[in-house]
Every structure is written in C-alpha cells, then in structure tokens.
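Inspection log for the structure reproduced underneath, given as structure tokens.
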Amino acid sequence: MVALPKVARSDCIVLAVIGQSRTIGSSKSFSRARFQLKTIRMKTDLAAQAEMHIPKGYDPRLFKVRHSAAHVMAQAVVERFPGARPTIGPPIEDRFYYDFDLPRPPKEEDLAWIEQRMKEIIKGRHAFSVREVSPGEARELFKDNPYKIELISELVNGSGNAQPITVYQHDTFVDLCRGPHVPHTGYIKANGVKLLATAGAYWRGDASRQQLTRIYGTAWKNRTELEAYLTRLEEARQRDHRSLGRRLELFTFSDKVGPGLPLWLPKGAALREALVSFLKKEQLRRNYQPVITPHIGRLDLYRTSGHYPYYKESQFPPMEESEGEGYLLKPMNCPHHIQVYTHRRRSYRELPIRLAEFGQVYRYEQTGELGGLTRVRGFTVDDAHIFCRHSQVKAEIKDTIDLTLKVLSSLSFEDYSVQLSLRDPEDTGKYTGRAAVWDEAESAIREAVQETGLRYVEALGEAAFYGPKVDFMVRDALGREWQLGTVQLDYNLPERFDLSYIGPDDQRHRPAMIHRAPFGSLERFVGVLIEHCGGAFPVWIAPEQARVLSISERFEGYATSVYQQLLSHEMRVRLDVRSEKVGYKIREAQSEKIPYMLVVGAREADSGTVRVRARSGQDVGAMSVPAFVNRIKEESAQAR
RNA sequence: GCUGGCGUAGCUCAACGGGCAGAGCAGCUGAUUUGUAAUCAGCAGGUUGGGGGUUCAAGUCCCUUCGCCAGCUCCA
C-alpha cells in the first residue's frame with residue numbers, strides 16, 4: 001500500500017498534481033494546503049517513493065521548467081496589470097498555473113501580450129537566484145501582498161517549528177518560493193511555451209474566500225513537444241464522450257427536459273442493457289436478491305437516514321404536503337432497502353442479505369458541475385446493500401471488491417486507482433455516529449483492502465458521512481479522474497434505523513451494512529467507457545453488433561433472411577439494403593464503429609454464407625450464419 | 001453556486017468594422033444495381049437559444065434569461 005507520508009515541509013516538495021477536484025488530506029495548513037488539484041507530497045528522494053502514483057510522462061526537469069515558467073508568467077502579468085498580486089503558482093502534470101488577484105479579468109489580448117512578454121523574458125536568460133530571508137525581511141518584501149503575508153505567517157508559525165523562508169528572483173521579479181528552479185530563464189524554451197486558459201480559483205481552495213484569476217500555461221522542451229502535447233489534447237477532445245455520444249446516437253439532452261437529465265437513445269439503451277444484464281448475472285451467482293423500490297419516499301425517512309439534513313442543498317426541493325411533511329425524490333437507495341430489510345424479523349441464519357436494485361436517484365448538482373454523463377442530476381446506481389453480522393464484514397467487502405474488479409477487467413479498464421476514503425480527523429462534525437464505531441469500521445475496511453493485496457492510497461476527509469469507503473477511480477479523455485465503483489462500510493445507518501437481527505443467543509444484535517456499486521453510476525460509467533474505447537465497444541456490449549450489407553438490391557431477399565436468422569439468435573443487428581455501393585455502406589458502418597459487417601452478394605447467396613469484415617478492416621472470410629453466431633458468442637464469453 | 005468563455009440548419013462550421021443568413025455532411029426525391037472507407041442530379045432545410053433595448057438597419061452592439069464549455073467550490 002502507499003500511504004501519504006506526513007512530512008515536514010522542509011523535506012518535501014510538491015511532486016505531482018494529478019487530475020483535479022479531489023484532495024488528499026484535509027488539513028488547511030500550508031504544508032497540506034487544499035490547492036485546487038490533488039497534491040501528493042513526498043520526500044525529495046524520488047527513488048524511495050517510486051511506487052507513488054506518478055503521472056505518466058512525469059519528468060523532473062520539465063517540472064522545474066514549468067515551475068520557472070510560472071514565475072516568468074507572473075512577472076509578465078505584474079507588468080501588464082500593475083495592481084496584480086501574485087499568490088501561488090505551481091507546476092502540475094503537463095502544465096503550470098499561477099493564481100493572481102487582478103484589478104480586472106484578463107482579455108484575450110492581455111494573454112497574447114503576456115505570452116509575448118514571457119518569450120522576451122525567457123530570451124533574456126535571467127538567472128534564478130535564491131536566498132533565505134528573515135520573517136521580518138519577507139514581510140517587508142511582500143508588504144503589499146496580503147496573500148504572501150498570510151503564507152509567511154504560516155511558515156513562521158506553522159506546525160510548531162519555524163521553516164526557513166526562501167525567495168527566488170529572476171530579472172525584476174521576486175517571489176516567495178521554496179523552489180527548485182532552473183539556473184536561468186533560458187532553460188525555458190520560448191517556442192515551447194504557451195498560455196492555455198484562464199479560470200477562477202478560490203484563495204486556498206476555500207469558497208468563502210477571495211476568488212482569484214488563474215492562468216494556465218504549458219511549457220515543453222521545444223516546439224515539437226509543445227505541438228505534440230496540443231495534438232494530444234485535440235485527440236482527447238475527439239474521444240470526448242459528449243461528441244461520441246451524439247455522433248453514435250447513444251444519448252442526448254434536451255433543454256425541455258432539463259440540464260443533467262440524460263435521455264438514452266435506443267443505441268445507448270442497448271449498451272446499458274448489455275452492461276446491466278452482465279452485472280445481474282454476476283450478482284445472481286453471488287447470491288444477491290433483486291428488489292424494486294419507488295422513486296420517492298417520505299421526508300421523514302431521509303431525516304432518519306440523515307441524507308435530508310446532510311445534503312439538503314443538493315437535492316431537488318421536496319414535494320411538501322404541509323410544512324415539513326411530504327416526499328423527496330430519492331437521492332439514495334439505501335433507506336428504501338433498509339425498509340425491505342425491516343419488513344420482518346431477521347435471523348442470524350439468513351445473513352448476509354444482499355439486496356440489489358438498479359435504482360434511479362436524483363440529486364440537484366450545482367449548475368457548474370454538470371457535464372455530459374459524468375455529472376448528472378438523474379442517474380442509475382447499480383446499488384446493493386448487504387446486511388451482515390460484524391464477523392462477516394471482511395469477507396463481504398472482499399467479495400464486493402472482487403466483483404468491482406471483475407467489472408473493470410471485463411471492460412479492460414487497467415489504469416484505475418484505488419482509494420481508501422477515511423474520515424477527516426480535523427473535522428469530525430461532518431460525520432454521523434460515535435468515534436469508536438468509526439474506528440472499528442475504518443480498521444475493518446482497511447484490513448479487508450489489505451488482504452486483497454490491492455495497491456491503494458488513503459485519503460483523509462473523503463469518507464461518506466456514515467462510513468469509510470473504497471473508491472475506484474478512472475480517468476476520462478481529458479485526464480480528469482472520476483469515481484466509478486465504490487464499496488462503503490456503514491455501521492451508522494443500522495444504528496439510525498435501529499436495525500437488528502436475532503442471534504444464536506436469542507438476543508437482538510445490530511447488523512453491519514455494506515453499500516456497494518461496481519459501476520457506480522451507470523451514466524458516468526458509460527461516459528467514461530465511451531472514452532476508454534473511443535466508441536469502439538467490444539462486441540458483447542456494442543449497440544449494433546453486426547450489419548448485413550447487400551451488394552445490390554438483387555440480394556435483398558438473401559440479406560433479409562440472414563438478418564432474420566441473426567435476430568432469432570438475439571443478436572443486435574441491422575440490415576442495409578439501400579441502393580448504394582458496398583464501399584459507401586462499409587464507410588458508414590465503419591464510422592459508426594460497428595464490430596462486424598456482413599457483406600452478401602451472389603457468391604454468398606449461392607453458398608449460404610456471409611462475408612465477414614471486422615471493424616479493424618480485416619477480412620475475416622466467408623462463413624455460414626451459424627458459424628458467425630458462434631464466433632460472436634465465443635468472443636463475447638471470452639471478453640468477460 | 002463562483003470566475004471567464006461560447007450559443008448560426010440534425011451535425012461540423014462560414015458571414016470584413018452593424019448593411020439581402022451561406023457551405024459541406026446528414027435528410028428527402030429521382031437516376032444508378034453497385035464486391036470491402038464517400039455514384040450522380042435535384043429538392044428541402046433558419047424567428048441566428050429566448051425576451052428586451054440601441055439603430056434607418058442587429059447573427060454582429062447593450063441588458064436580461066436559459067443552455068453549453070473550461071476551471072474553482074461541492075460530490076451521499
């Protein structure tokens with residue numbers, strides 16, 4: 001396992017900032033500040049920590065170059081905006097940024113000017129010099145910049161021992177900074193630098209504080225590498241599930257229905273169905289019991305569970321019948337499943353009880369959060385709740401992790417990370433239940449994960465309000481990391497709902513509860529899956545598995561009979577007997593990423609075969625229809 | 001929710017500084033009867049996201065609203 005070392009600031013550097021939107025650790029002190037990106041810190045001995053999740057293509061030299069480029073950008077920004085106050089500006093994966101308090105938002109021409117000015121500064125080959133300064137001198141240097149003053153104060157008072165304060169200077173620009181930097185600005189290459197975007201960012205990642213202007217840029221060894229990077233970005237955009245989803249007619253959104261409420265088109269629905277039936281079979285084998293529950297429930301139910309008070313702001317407003325009484329669109333399935341559990345007395349003999357449902361839930365996500373299928377307001381959780389004895393917890397968790405891994409491997413997700421999400425030790429108010437119960441839950445789930453042998457990181461402050469969890473994270477086309485599968489251990493909801501079972505001692509006992517969802521949200525999973533395979537789905541989930549293409553209208557009869565045979569084998573297949581050339585039909589099928597094209601003409605009609613062309617362009621040859629059906633069945637079985 | 005940007009035909013995108021809204025693909029009709037990534041011709045397609053304003057004149061400028069995008073914050 002990889003723990004995040006808690007090290008003193010003096011012997012650590014910001015190594016890597018990966019993805020965005022999630023934070024490891026919860027402390028708001030400078031050494032573990034909640035910058036906007038996930039920050040992993042480590043000792044300067046890189047080799048010793050080689051197992052750390054280091055972004056692909058990480059290059060310590062470029063890291064320094066980007067850090068220095070951020071300083072150069074800051075100089076240019078200050079020249080352009082005399083009132084500007086620089087705050088922090090670290091390198092991140094592939095890029096760098098710097099946050100400023102600016103007198104006005106920058107326009108495009110400002111950015112062009114800044115970029116141009118950066119190139120001049122770079123060509124000036126100004127040396128980076130470092131020196132240690134006293135707190136008093138530091139305060140004097142940055143007396144006009146309250147942000148730097150705040151940082152200095154924390155360096156002085158931070159975590160007991162005073163830290164040395166260093167400032168770096170190149171040309172006219174002096175910055176509070178721990179380094180390291182390149183020897184002089186010439187090490188940054190003028191033709192490898194480009195400004196990318198601006199964005200708002202809160203000071204110290206705190207929404208209650210000043211909002212700053214962030215400028216993103218990137219820096220590479222030369223123009224070729226810069227252009228390669230920009231090409232990569234462009235290719236990623238091509239793979240974006242939002243454009244593929246539209247082009248392949250998988251899903252759509254309608255203003256008339258509402259933002260974040262996806263409409264699944266027939267092909268997208270077929271894809272989902274394939275995923276769902278796959279998981280249903282797996283769950284049957286593992287003795288899960290499907291249940292079906294309604295989309296709404298009384299407000300009181302969610303008061304008891306805690307979801308209503310905890311997440312009031314991010315729920316659709318309740319349907320109130322009278323003051324405080326009424327119904328809520330369910331934001332979670334667990335309270336309903338708990339009612340299934342409690343519909344009668346439970347004996348220890350029937351535990352574990354595993355209740356599964358593909359339950360649709362609704363959450364009023366903030367407008368700025370919505371995007372494609374990865375963050376929506378109405379979605380389907382492949383939810384199950386396992387009610388078991390405490391002694392069964394570990395085995396159950398291991399089984400749910402096993403199932404989650406099965407799901408990921410069946411869809412060839414190999415590049416995922418595992419996160420054990422624990423309480424925030426400094427903000428216990430966010431959680432329900434007693435500390436002792438949490439301690440037990442956290443150590444139980446940690447032991448279970450450790451026994452699976454998975455590599456994982458622990459993330460403080462990422463637990464659910466009712467318990468710790470194991471999250472499986474996968475990156476999207478743009479490198480953003482998303483939580484898909486999740487396994488959550490919960491000792492608190494059984495408490496809140498006063499759940500019990502009768503033990504062998506004829507006494508009432510409290511069961512433990514495990515919430516788990518291997519896909520997580522079907523919507524998000526499909527979104528990430530589309531990007532993962534670029535829309536070229538494996539045949540067992542492909543919305544259209546094969547298309548029958550006739551050479552000319554003369555073979556419409558034969559083509560139709562082939563098509564009907566395939567239909568009778570429950571294949572997802574379509575027929576194209578238009579009066580077009582085969583080349584045209586193939587091109588169309590190819591761009592729709594259909595796994596197999598079955599060409600039929602005179603030869604095939606005579607011999608009762610189909611000519612099989614794979615999506616790869618490969619000519620698979622002629623075969624009978626039953627042979628083709630077998631081939632697909634075998635390929636599908638093998639894939640999962 | 002916040003900061004910034006963007007909304008033109010089903011899709012991708014044009015329309016100099018305010019001066020008659022256009023193209024390709026898709027669609028429809030017809031011709032063609034095709035052997036592994038685009039056959040030809042014709043037709044149709046729009047209240048330039050909605051509302052308001054400035055102007056002789058608004059896709060273009062201003063206000064407002066809805067939506068989308070990037071980032072921040074949040075994420076049961």
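Every chain is numbered from 1 and lettered A, B, ... according to where its sequence line falls, protein lines coming before strand lines. Since the model is a prediction, treat every value here as computed from it, not as a measurement.
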Distance check: side-chain N/O of A/R246 vs OP1/OP2 of B/rU12, anything under 4.0 Å?
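A/R246 to B/rU12 OP1/OP2: side-chain N or O found under 4.0 Å.
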Looking only at side-chain N and O atoms, does A/R242 come under 4.0 Å of OP1 or OP2 in B/rC69?
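Answer yes for this pair, as a side-chain N or O of A/R242 is under 4.0 Å from OP1 or OP2.
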Is the distance between the ring centroids of A/Y310 and A/Y308 under 6.0 Å?
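A/Y310 vs A/Y308: aromatic centres not under 6.0 Å.
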Of the candidate nucleotides [options], which contains the atom at the shortest distance from the side chain of [X]?
{"X": "A/R611", "options": "B/rA70, B/rU36, B/rA76", "answer": "B/rU36"}
{"X": "A/A199", "options": "B/rU34, B/rG71, B/rA76", "answer": "B/rG71"}
{"X": "A/V582", "options": "B/rU32, B/rG35, B/rC72", "answer": "B/rG35"}
{"X": "A/Y202", "options": "B/rG1, B/rG71, B/rA76", "answer": "B/rG1"}
{"X": "A/E553", "options": "B/rC72, B/rC69, B/rU33", "answer": "B/rU33"}
{"X": "A/S579", "options": "B/rC75, B/rU32, B/rA38", "answer": "B/rU32"}
{"X": "A/V599", "options": "B/rG4, B/rU36, B/rU12", "answer": "B/rU36"}
{"X": "A/R587", "options": "B/rA38, B/rG71, B/rA76", "answer": "B/rA38"}
{"X": "A/Y584", "options": "B/rA26, B/rA37, B/rG4", "answer": "B/rA26"}
{"X": "A/M332", "options": "B/rG4, B/rA76, B/rG35", "answer": "B/rA76"}

For nucleotides [N] and [M], find the distance between their [atom1] atoms and express it as a whole number of Å.
{"N": "B/rC61", "M": "B/rC69", "atom1": "P", "result": "23 Å"}
{"N": "B/rA58", "M": "B/rG71", "atom1": "P", "result": "38 Å"}
{"N": "B/rA14", "M": "B/rU55", "atom1": "P", "result": "31 Å"}
{"N": "B/rG27", "M": "B/rG45", "atom1": "C1'", "result": "9 Å"}
{"N": "B/rG50", "M": "B/rU32", "atom1": "P", "result": "44 Å"}
{"N": "B/rG7", "M": "B/rU64", "atom1": "C1'", "result": "16 Å"}
{"N": "B/rA23", "M": "B/rU48", "atom1": "C1'", "result": "16 Å"}
{"N": "B/rG49", "M": "B/rA15", "atom1": "P", "result": "15 Å"}

Check this for me: A/R298, atom CZ, are more than 12 non-hydrogen atoms of other residues, nucleotides or ligands nearer than 6.0 Å?
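Result for CZ/A/R298: open.
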Go through it in stages, so that I can follow the logic: the residues are A/S243 and A/Q238, the test is side-chain hydrogen bond (donor to acceptor under 3.5 Å, both in side chains), and I'd like the CA-CA distance, side-chain angles, deciding distance and then a yes or no.
CA-CA 7 Å; A/S243 46; A/Q238 304 273 317; over 6 Å; no
Qualifying residues under ring-ring contact (aromatic ring centres under 6.0 Å, His included), relative to A/Y563, sequence neighbours excluded:
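For A/Y563, no residue satisfies ring-ring contact (aromatic ring centres under 6.0 Å, His included) once neighbours in sequence are set aside.
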Mate of [N] where both pairing distances stay under 3.5 Å, Watson-Crick or G-U:
{"N": "B/rU32", "value": "none"}
{"N": "B/rC74", "value": "none"}
{"N": "B/rU47", "value": "none"}
{"N": "B/rG67", "value": "B/rC6"}
{"N": "B/rA37", "value": "none"}
{"N": "B/rA58", "value": "none"}
{"N": "B/rA21", "value": "none"}

If you look only at pairs with a residue in residues 610-621 of chain A, which of them pass as a side-chain hydrogen bond (donor to acceptor under 3.5 Å, both in side chains), with sequence neighbours excluded?
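Qualifying pairs: A/Q590-A/R613, A/R611-A/D619.
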Is any side-chain N or O of [X] under 3.5 Å from a base N or O of [N], one able to act as donor and the other as acceptor?
{"X": "A/S591", "N": "B/rA37", "value": "no"}
{"X": "A/R554", "N": "B/rU33", "value": "no"}
{"X": "A/R375", "N": "B/rC75", "value": "yes"}
{"X": "A/R237", "N": "B/rC69", "value": "no"}
{"X": "A/E249", "N": "B/rG10", "value": "no"}

Just call it for [X]: base, sugar-phosphate, or nothing, with non-hydrogen atoms closer than 4.0 Å on any strand.
{"X": "A/E604", "answer": "base"}
{"X": "A/S305", "answer": "nothing"}
{"X": "A/E108", "answer": "nothing"}
{"X": "A/P331", "answer": "base"}
{"X": "A/E592", "answer": "nothing"}
{"X": "A/G583", "answer": "sugar-phosphate"}

Could you walk me through whether A/Y216 and A/R95 satisfy the side-chain hydrogen bond (donor to acceptor under 3.5 Å, both in side chains) test, starting with their C-alpha distance in whole Å, then the side-chain angles of each, then the deciding distance to 0.1 Å, before giving a yes or no?
CA-CA 7 Å; A/Y216 283 96; A/R95 298 177 297 165; 5.2 Å; no
Assess the side chains of A/Y147 and A/D101: does a donor N or O sit below 3.5 Å from an acceptor N or O?
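A/D101 and A/Y147 do have a side-chain donor-acceptor pair below 3.5 Å.
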With the stacking rule set at 5.5 Å and 30°, tell me whether A/Y311 counts as stacking on B/rA76.
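Taking the rule of under 5.5 Å and under 30°, the ring of A/Y311 does stack on B/rA76.
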Test: A/R354 and A/E396 ion pair at under 4.0 Å:
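Looking at A/E396 together with A/R354, the answer is yes, because their closest N to O distance falls below 4.0 Å.
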